[in-house]
Amino acid sequence: MDNINKVLKEILRDKNIDLDAEYEKLKNNAMNDPEVQDFIALHQAQLKPDAIEKSAANIYEFVKQRDKFLETDQTTIQGFQPNLIISNGLIDVAYSKTAKTLAKEAAEKNAKMDLIDLPASLKSASLIDYDRTNERADALTKAVATTVAVKEKQPTKGLYLSGDFGVGKTYLLAGVATELTKLNQNVILVHMPTFIADLAKSFKENTTSSMIDKMKEVDVLMLDDIGAENLSQWSRDDVLGVILQYRMENQLLTYFSSNFKMRDLEPHFVETKTGIEPVKAKRLMERIYALSEEVVVGGQNRRHQ
Ligand code: ADP
Ligand code: MG
């Protein structure tokens with residue numbers, strides 16, 4: 001560093017530029033800055049006698065970064081603004097989050113992922129470490145594309161991830177959910193077979209209907225393992241049907257995962273304990289088609305690796 005300074009000085013001297021004088025000028029301007037002056041006056045008692053001389057470079061950095069921030073709303077450290085502080089009797093610069101950064105973080109903290117009947121470990125699923133194999137590349141690319149659309153506030157359908165047991169469908173949904181919460185979207189990811197089974201078991205008018213409302217209205221709903229649940233006429237038409245109808249009408253982002261291909265899901269909806277109703281099954285399928293695009297997730301069963 002010293003060598004570079006020496007060389008620079010020599011070049012500038014040759015060009016008749018007096019670096020020391022230039023630096024003095026910049027330093028003096030910074031020193032005379034009203035905010036700097038106020039800071040020095042306020043903290044006089046804490047400063048060492050030679051503090052101002054020794055802190056000149058820091059003071060200069062502060063004024064330069066502050067002016068940049070005032071002019072462009074940015075500093076060299078994205079999202080942070082400079083502050084003068086006292087450190088060991090000298091003046092130093094510390095960077096703190098700007099009001100905008102704080103507001104953004106506060107908004108992001110409010111968005112959350114609700115896992116229903118699924119292991120909490122899925123909260124740490126990430127698209128970044130998603131193990132990319134050829135059979136899953138398409139699903140991953142499309143999954144990322146949906147998050148990009150949300151980020152850019154473009155409309156997008158959700159995905160219907162179909163594929164065998166253990167290929168990573170649930171994990172992929174959870175990874176998308178993680179990204180979407182970062183984009184300030186509230187996400188509910190629900191394991192359908194367990195949810196539907198418990199719904200009938202623990203039916204309470206109020207809690208059940210408030211749960212259904214949440215699933216209707218949440219920013220992003222992910223129905224995991226659809227097709228494996230044991231539906232009654234009520235849970236098919238008044239729970240699943242109602243939720244999907246509302247989400248379709250309001251164009252709310254909805255994802256599915258299933259062991260069934262989309263075209264093989266319809267028969268599952270046809271029959272309940274009370275009868276065979278192909279029209280109702282078709283209507284439900286139309287909502288799923290409208291809400292999502294199918295993508296096949298392939299590969300090996302990862303559960304025994
Ligand atoms: P599916 O829902 O298709 O049955 P899962 O998402 O449950 O499959 O994945 C099966 C197992 O593999 C789980 O233990 C999961 O944590 C793990 N897994 C899946 N995908 C990944 C991945 N990309 N990186 C790390 N672990 C994964
Ligand atoms: Mg699964």
>> Please check: side-chain N/O of E294 versus main-chain N/O of M262, any donor-acceptor pairing under 3.5 Å?
In response: yes
> Can you tell me if T207 and S210 form a side-chain donor-acceptor pair at under 3.5 Å?
Replying inline: no
> Do you know which two heavy atoms are closest between R236 and F269, and how far apart they sit?
Replying inline: NH1-O, 2.8 Å
> What do the steps show when you test R263 against M285 for side chain to side chain contact (heavy atoms under 4.5 Å, CB included), and what is the final call?
Replying inline: CA-CA 9 Å; R263 66 178 139 75; M285 282 315 298; over 6 Å; no
>> I'd like to know if the side chain of D92 reaches the main chain of I86, judged simply by a donor and an acceptor atom lying under 3.5 Å from each other, with no hydrogens or angles considered.
In response: no
> Would a hydrophobic clustering, with Ile, Leu, Val, Met, Phe, Trp and Tyr connected at side-chain separations under 4.5 Å, put V242 with V239?
Replying inline: no
> With hydrophobic residues grouped by side-chain heavy-atom distances under 4.5 Å, do L252 and I243 end up in a single group?
Replying inline: no
> Shortest non-hydrogen contact from M248 to A290?
Replying inline: SD-CB, 3.6 Å
> Would you call E286 and R283 a salt bridge, using N to O less than 4.0 angstrom?
Replying inline: no
> Between L172 and L127, is a side chain to side chain contact (heavy atoms under 4.5 Å, CB included) present by the stated rule, with each step listed?
Replying inline: CA-CA 7 Å; L172 183 54; L127 292 183; 3.6 Å; yes
> Between K157 and Y289, is there a donor-acceptor pair closer than 3.5 Å when you use the side chain of the first and the backbone of the second?
Replying inline: yes
>> Check for me, please, whether F62 and L90 land in the same ILVMFWY cluster - side-chain distances under 4.5 Å, paths through other members count.
In response: no
> When you measure from the side chain of E229 to the backbone N and O of G227, does any donor-acceptor pair fall under 3.5 Å?
Replying inline: yes
>> Would you say CG of N88 has more than 12 non-hydrogen atoms from neighbouring residues, nucleotides or ligands within 6.0 angstrom?
In response: no
> Do K100 and K104 pass the side chain to side chain contact (heavy atoms under 4.5 Å, CB included) test, and can you show the C-alpha distance, the side-chain angles, and the key distance before you say yes or no?
Replying inline: CA-CA 6 Å; K100 227 187 220 173; K104 199 170 148 218; over 6 Å; no
> Shared ILVMFWY cluster between L140 and V297, side chains joined below 4.5 angstrom?
Replying inline: yes
> Can you hop from V296 to F260 via hydrophobic side chains spaced under 4.5 Å?
Replying inline: no
> So, T101 side chain and G79 main chain: donor-acceptor pair closer than 3.5 Å or not?
Replying inline: yes
> Do side-chain atoms of S258 reach the backbone of I226 as a donor and acceptor pair under 3.5 angstrom?
Replying inline: yes
>> Show, in sequence, the C-alpha distance, side-chain angles and deciding distance for K123 and T178, and conclude whether the side chain to side chain contact (heavy atoms under 4.5 Å, CB included) test is met.
In response: CA-CA 7 Å; K123 286 220 166 158; T178 302; over 6 Å; no
> Roughly how far, to the nearest 0.5 Å, is the CD atom of E179 from the CD atom of Q185?
Replying inline: 12.0 Å
> Given side chains that start at C-beta, do those of L291 and F256 come closer than 4.5 Å, heavy atoms only?
Replying inline: yes
>> The criterion is side-chain hydrogen bond (donor to acceptor under 3.5 Å, both in side chains); which residues satisfy it with Y246, sequence neighbours excluded?
In response: none
Could you tabulate the donor-acceptor pairs under 3.5 Å formed by side-chain atoms of residues 144-154, not counting sequence neighbours?
{"from": "T146", "atom 1": "OG1", "to": "A143", "atom 2": "O", "distance (Å)": "2.6"}
{"from": "T146", "atom 1": "OG1", "to": "Y255", "atom 2": "OH", "distance (Å)": "2.7"}
{"from": "T147", "atom 1": "OG1", "to": "V144", "atom 2": "O", "distance (Å)": "2.6"}

